Protein chains: 2
Amino acid sequence: MVKYQNDPLSTTFQALADPTRRAILARLALGEASVGELAEPYAMSLPAVSKHLKVLEGAGLLARERDGRVHRCHLEPQAMRAAADWIAEYRRFWEAQLDQLARYLERGPAPLSRIKENSDEPGEPET
Amino acid sequence: MVKYQNDPLSTTFQALADPTRRAILARLALGEASVGELAEPYAMSLPAVSKHLKVLEGAGLLARERDGRVHRCHLEPQAMRAAADWIAEYRRFWEAQLDQLARYLERGPAPLSRIKENSDEPGEPET
DNA sequence: CCTATATTTAACCATATGGTTAAATATCAA
DNA sequence: TTGATATTTAACCATATGGTTAAATATAGG
């Protein structure tokens, strides 16, 4: 019954599944920042942000160098690439389905239902 | 204090943050399948899989058509694209950092430490 | 109508998550 | 040393998550 969420990809996606954390990553894409700087835009407490940072760090998305008492955080690209790669692996499949959808919207419902030639279905706008 | 995890992107990443669910998506990339067929490879109970499917459905990654008593599930590409797009948006940033890393590994630690010319660091294999 | 099959719902449980406040730790600077 | 600043740790809380088993629902087919 015990949950054991250990594989790196799960951990990475989990880390990305929070808007605050994604915003932090977005901020970090502009350049490194201290914990305080990262926390500043948010209503939540510093410890809350600290936890978010630990999650990102645990997922390998972020690393830090301590410079005296200030921790400078920066993006760590590898984990993000792993996530991107997973999605990319299935890209052709869902891409194909998007194409089908596009064709559907373009030509109207399914060739097969076309057999009955004069269907009373409402016409699609010809975008 | 109430958690309210509502934005679609968070929901999608959350859905991807589980190996069983990712495996289900992978299976579905090969073609549509019934709930029973999807559940078959796993040790867990049918209700557990049913819940996973509901999560994927809620994230917009999967849709189903009921065909009598059997629910045929298929990939729903749009949400996946949204996730891919989010990652892609930052691609150039972490790509840049990967380049830095690559250069680092290729040329040995930092130009600045190069000043001392004959370092005793072990040489990198010349891949 | 009866029964088997496909799937979901309900109730429950343990652990994880995301937040809080208060206290601890470490460093800077006077 | 003393105090301010940067950050984490600890303890706590409510809700979410991922699983279970047992029961409910819906359809298929003799």
Side-chain angles (χ1 to χ4, degrees), chain A residues 1-25 27-28 32-74, chain B residues 1-25 27-28 32-74:
Chain A
M1 301 115 185
V2 192
K3 244 293 68 173
Y4 221 62
Q5 194 89 272
N6 260 355
D7 69 294
L9 204 42
S10 297
T11 307
T12 300
F13 278 128
Q14 177 66 42
L16 293 177
D18 181 283
T20 303
R21 287 193 296 258
R22 287 198 306 279
I24 288 174
L25 292 175
R27 164 70 181 74
L28 248 23
E32 63 173 20
S34 73
V35 173
E37 285 165 356
L38 288 174
E40 193 266 332
Y42 306 105
M44 74 190 72
S45 69
L46 209 30
V49 172
S50 185
K51 279 189 186 181
H52 280 307
L53 295 179
K54 213 180 315 188
V55 171
L56 289 170
E57 212 174 358
L61 288 163
L62 171 155
R64 50 179 106 188
E65 307 164 53
R66 274 190 66 172
D67 183 14
R69 60 187 160 178
V70 36
H71 301 204
R72 302 228 134 253
C73 306
H74 58 89
Chain B
M1 301 117 187
V2 191
K3 245 293 64 173
Y4 220 60
Q5 194 90 273
N6 259 355
D7 69 294
L9 204 42
S10 296
T11 308
T12 301
F13 279 129
Q14 178 66 42
L16 293 177
D18 181 282
T20 304
R21 287 193 295 259
R22 288 197 306 279
I24 288 175
L25 292 175
R27 164 70 181 74
L28 248 23
E32 62 173 19
S34 72
V35 173
E37 286 165 356
L38 289 173
E40 193 266 333
Y42 306 105
M44 74 190 72
S45 68
L46 208 29
V49 172
S50 185
K51 279 190 186 181
H52 280 306
L53 295 179
K54 214 181 315 190
V55 171
L56 289 170
E57 212 174 356
L61 288 163
L62 171 155
R64 49 180 105 189
E65 307 163 52
R66 275 189 66 171
D67 182 16
R69 61 186 159 178
V70 36
H71 300 203
R72 302 228 134 252
C73 305
H74 58 90

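Given the structure is predicted, the values throughout are model-derived calculations rather than measurements. Here is the naming used below: chain letters follow the sequence lines, and residue numbers restart at 1 for every chain.
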Checklist entry - Closer to the 5' end of DNA chain C via nearest nucleotide, is it A/Lys51 or B/Ser50? => result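 The residue mapped nearer the 5' terminus is B/Ser50.
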Checklist entry - From A/Glu37 CD over to A/Arg27 CZ, what is the distance, rounded to the nearest 0.5 angstrom? => result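 Going from the CD atom of A/Glu37 to the CZ atom of A/Arg27 covers 6.0 Å.
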Whole-Å distance separating the [atom1] atom of [X] from the [atom2] atom of [N]:
| X | N | atom1 | atom2 | value |
| --- | --- | --- | --- | --- |
| B/Tyr42 | C/dT7 | OH | P | 15 Å |
| A/Gln14 | C/dT15 | CD | P | 18 Å |
| B/Phe13 | D/dT17 | CZ | P | 16 Å |
| B/Asp18 | D/dA16 | CG | P | 18 Å |
| A/Asp67 | C/dT27 | CG | P | 11 Å |
| A/His52 | D/dT7 | NE2 | P | 16 Å |
| A/Leu38 | D/dT7 | CG | P | 9 Å |

What closest approach, in Å, do [X] and [Y] show between heavy atoms, and which atom pair accounts for it?
| X | Y | result |
| --- | --- | --- |
| A/Leu53 | A/Arg64 | CB-NH2, 3.7 Å |
| A/Ala59 | A/Thr12 | O-OG1, 3.6 Å |
| B/Gly58 | B/Thr11 | O-CG2, 4.1 Å |
| A/Ala23 | A/Tyr42 | CB-OH, 3.1 Å |
| A/Ser34 | A/Arg72 | N-NH1, 3.8 Å |

Next on the checklist: Does A/Arg22 form a side-chain contact (heavy atoms from CB on, under 4.5 Å) with B/Ser10? I'd like the steps, not just the answer.
Outcome noted: CA-CA 9 Å; A/Arg22 287 198 306 279; B/Ser10 296; 3.0 Å; yes
Can you pull every protein N or O that's under 3.5 Å from an N or O on nucleotides 2-6 of chain D?
{"from": "D/dT5", "atom 1": "O4'", "to": "A/Arg69", "atom 2": "NH1", "distance (Å)": "3.4"}
{"from": "D/dT5", "atom 1": "O2", "to": "A/Arg69", "atom 2": "NH1", "distance (Å)": "2.9"}

Checklist entry - Contact class for A/Arg72 (heavy atom, under 4.0 Å): base, sugar-phosphate, or nothing? => result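 Counting heavy atoms under 4.0 Å across all strands, no contact is made by A/Arg72.
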Checklist entry - Are any side-chain N or O atoms of A/Asp67 and backbone N or O atoms of A/Val70, one a donor and one an acceptor, separated by less than 3.5 Å? => result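 No: the side chain of A/Asp67 does not pair with the backbone of A/Val70.
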Next on the checklist: For a quick test of reading the model: is some side-chain N or O of A/Ser45 closer than 4.0 Å to OP1 or OP2 of C/dG19?
Outcome noted: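 Looking at the OP1 and OP2 atoms of C/dG19, neither is under 4.0 Å from any side-chain N or O of A/Ser45.
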Checklist entry - Which residues within residues 53-65 of chain A lie with some heavy atom under 4.0 Å of an atom in DNA chain D? => result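 Those residues whose heavy atoms fall under 4.0 Å from DNA chain D, taken from residues 53-65 of chain A in numerical order, are A/Lys54, A/Arg64.
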Checklist entry - To the side chain of A/Pro47, which of D/dG18, C/dG19, D/dT8 is closest? => result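 The nucleotide sitting nearest to the side chain is D/dT8.
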Item to check | side chain to side chain contact (heavy atoms under 4.5 Å, CB included) against A/Val55, all qualifying residues, sequence neighbours excluded | outcome: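 For A/Val55, the residues satisfying side chain to side chain contact (heavy atoms under 4.5 Å, CB included) (neighbours in sequence not counted) are A/Ala15, A/Arg21.
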